[in-house]
Amino acid sequence: MERLSARTQLHDLIESPVYDRQALKPGIVHIGLGAFHRAHQAIYTDAALAHAFGNWGIVGVSLRSTEIAQDMRAQDCLYSVVARDRSGDSVRVVGSIVEALAANDDGEAVLGRLADPAIQIVTLTVSEKAYGIDPISGGLDYAHPAIAEDLKSPTRPTGVIGYLTEGLARRKAAGLPPFTVLCCDNLPSNGRIVRRLVIEMAATRDPALAEWISETVSFPCSMVDRIVPAATAETRARAEKLLGVEDRLSIEAETFSQWVIEDDFVGDRPTWDAGGALFVENVEPYEKMKLRLLNGSHSLIAYLGQLQKLEFVRDVMAVPENVVLVRRHMQAAVRTLDPVPGIDLTHYMDQLVERFANPAIAHRTQQIAMDGSQKLPQRLFQPAVDAISSGSDAAEFAFVTAVWIAYLKQAETIDDPRAQELQKAVADAMLADETASFFAIAGLFPSELQANRDWRNQVNSLLRSL
């Protein structure tokens, strides 16, 4: 069967780029060319180009996979996104990506793009574990493989922080203005975290470079939201039926999408708001809302699903008792939030329950359960600290923590950057205090929770009840 490409004649009912792709030139580098970016930022850029055309084509960079870049090039960087809900399916072909690079295949080409003065923005979706954050200091983790390698060979980077630092170093050396670094991963104050990591890495090679980055580069925070399951053969078959051609890059997503961006750019930016993005002075209220209500609940659902042998989020939400637990968690989490401008939190929580239960989205609980040590500190542990400081016992957060530990204890393998430490904690768990070995893991739990014997006793009690 014919494969999707620029030559494909699409049916009139299929939404596709209305701008001239031949005239589109790069202005954005995106690192992390996975499903989420293609179902989120690339679509917002597609809408921005349709609204106000400019040189905002995206150069997509995969740090690890060469296959995704090869597939993108084979399809002229076109791909489809099928939006699914109870009412049915709709498909659109996205054209905002104009180039695809694999860093481990041609790192110099990636650095060349980062040093290109036409590139004004670098966006990131590489997952929490890829940044190499020390869980204790919050700075660089010098034991992280990519960080260690990039400190040894800074001009031939392998990790995201190394690429950003070397790209900015080349801009400075050439007398060029910097680019804006826009992190779109689920980290609290994500822009500030990335700023600290880049400046710290720059300082190890040249204090003047670190100072230049500190004074000239913008690292706005952002909050992103859309449920995008991993693609399957069924995903591609559904797209083929809708498109009439083969699309090996097709992905599915829910219809809901949200992007809140701190309006702090060193240069120009696309009109992402034409696609529904919200530019604000302070992202933190939206970020906390999403991390604690959506992501925190998602983690609870994932671990319940793994314990109950339920494959998909929708399966977990088909069990009424689980819905009660999820709503109970949300009610506890919402009490730790400040008001969120323009958001009715009660409606937002109802909306989340509906999204989780969407029967058309096959989001695996195993996928969400990965990397708990990287996700739970901001999704659960910090909200627990805030709840306790306000006078609550934080019992709901103790419950989810117990569910996570119960999952770790029964898991055949633990998919987590700190898997060895977690496996040791499972092996060292004592009957009298089953959670002591977990609380002893450096930098995992905040000191306030480590020192709070009552809360730890709650976790122990709930774990035994599970």
Side-chain angles (χ1 to χ4, degrees), residues 4 10 13-17 30 32-48 50 58 60 62 68 71-72 75 77-97 123-127 184-186 222-243 247-261 272 274-278 290 293-295 297-298 301-302 311-317 348 351-368 370:
L4 180 65
L10 295 168
L13 296 178
I14 297 173
E15 188 177 357
S16 58
H30 180 83
L33 188 55
F36 185 82
H37 165 68
R38 289 182 284 127
H40 192 274
Q41 298 94 15
I43 288 180
Y44 282 90
T45 304
D46 213 46
I58 299 170
S62 170
I68 179 68
D71 280 339
M72 289 292 288
Q75 295 188 180
C77 291
L78 291 169
Y79 63 93
S80 61
V81 178
V82 179
R84 311 196 69 210
D85 63 14
R86 295 177 189 274
S87 65
D89 301 339
S90 63
V91 62
R92 71 180 291 166
V93 172
V94 183
S96 55
I97 299 175
T123 53
L124 313 168
T125 52
V126 294
S127 83
C184 301
D185 279 301
N186 288 323
S222 80
M223 181 272 268
V224 298
D225 187 5
R226 193 174 198 184
I227 295 172
V228 185
T232 64
E234 185 181 354
T235 305
R236 290 182 283 275
R238 187 176 289 108
E240 185 176 307
K241 185 176 180 181
L242 291 166
L243 293 169
D247 178 7
R248 296 182 193 172
L249 293 165
S250 184
I251 45 181
E252 295 179 348
E254 63 173 339
T255 54
F256 180 92
S257 185
Q258 189 176 39
W259 196 6
V260 183
I261 309 165
W272 281 319
L278 184 64
K290 194 247 180 171
L293 291 178
L294 187 150
N295 297 123
S297 298
H298 238 176
I301 291 167
E311 185 176 7
F312 299 117
V313 169
R314 65 191 183 196
D315 300 334
V316 178
M317 297 300 285
Y348 180 79
Q351 198 175 31
L352 285 178
V353 171
E354 179 68 20
R355 291 168 62 192
F356 294 153
N358 185 347
I361 294 295
H363 202 180
R364 285 185 165 81
T365 56
Q366 184 179 29
Q367 179 187 352
I368 304 165
M370 293 166 49

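Keep in mind the model is a prediction, meaning the values are calculated, not measured.
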Partner set under side-chain contact (heavy atoms from CB on, under 4.5 Å) for E240, not counting sequence neighbours: M1, E246
Separation of I14 CD1 from L242 CG (nearest 0.5 Å): 7.5 Å
Criterion side-chain contact (heavy atoms from CB on, under 4.5 Å) on L10 and L4, from CA distance to verdict: CA-CA 9 Å; L10 295 168; L4 180 65; 4.3 Å; yes
Non-neighbouring partners of R238 that pass salt bridge (Lys or Arg N to Asp or Glu O under 4.0 Å), sequence neighbours left out: D89, E234, E252
Counterpart residues, salt bridge (Lys or Arg N to Asp or Glu O under 4.0 Å), relative to R314 (two or more places apart): none
Option from I361, N358, I301 for which side chain to side chain contact (heavy atoms under 4.5 Å, CB included) with V313 holds: I301
Donor-acceptor under 3.5 Å (D71 side chain, L249 main chain): no
Over 12 non-hydrogen atoms of neighbours within 6.0 angstrom of CD in Q351: yes
Test side-chain contact (heavy atoms from CB on, under 4.5 Å) applied to T45 and H30, step by step: CA-CA 12 Å; T45 304; H30 180 83; over 6 Å; no
Donor on one side chain, acceptor on other, S250 and S80, under 3.5 Å: yes
Sub-4.5 Å side-chain heavy-atom contact between I227 and H298: yes
T125 side chain vs G32 backbone, donor-acceptor pair below 3.5 Å: yes
Lys/Arg N to Asp/Glu carboxylate O, E254 vs R226, below 4.0 Å: no
side-chain contact (heavy atoms from CB on, under 4.5 Å) evaluation trace for V81 with R38: CA-CA 8 Å; V81 178; R38 289 182 284 127; 5.6 Å; no
Nearest-0.5 Å distance, CD of residue E311 to CD of residue Q367: 11.5 Å
Q258 backbone acceptor or donor facing H40 side chain under 3.5 Å: yes
Pair F356 + H363: ring centers closer than 6.0 Å: no
Pair R355-L294, side-chain contact (heavy atoms from CB on, under 4.5 Å): steps then yes or no: CA-CA 10 Å; R355 291 168 62 192; L294 187 150; 3.6 Å; yes
Sequence-distant partners of D185, salt bridge (Lys or Arg N to Asp or Glu O under 4.0 Å), two or more places apart: none
Which residues share a side chain to side chain donor-acceptor pair (under 3.5 Å) with S257, sequence neighbours left out: Y44
W272: partners by ring-ring contact (aromatic ring centres under 6.0 Å, His included), with sequence neighbours left out: W259
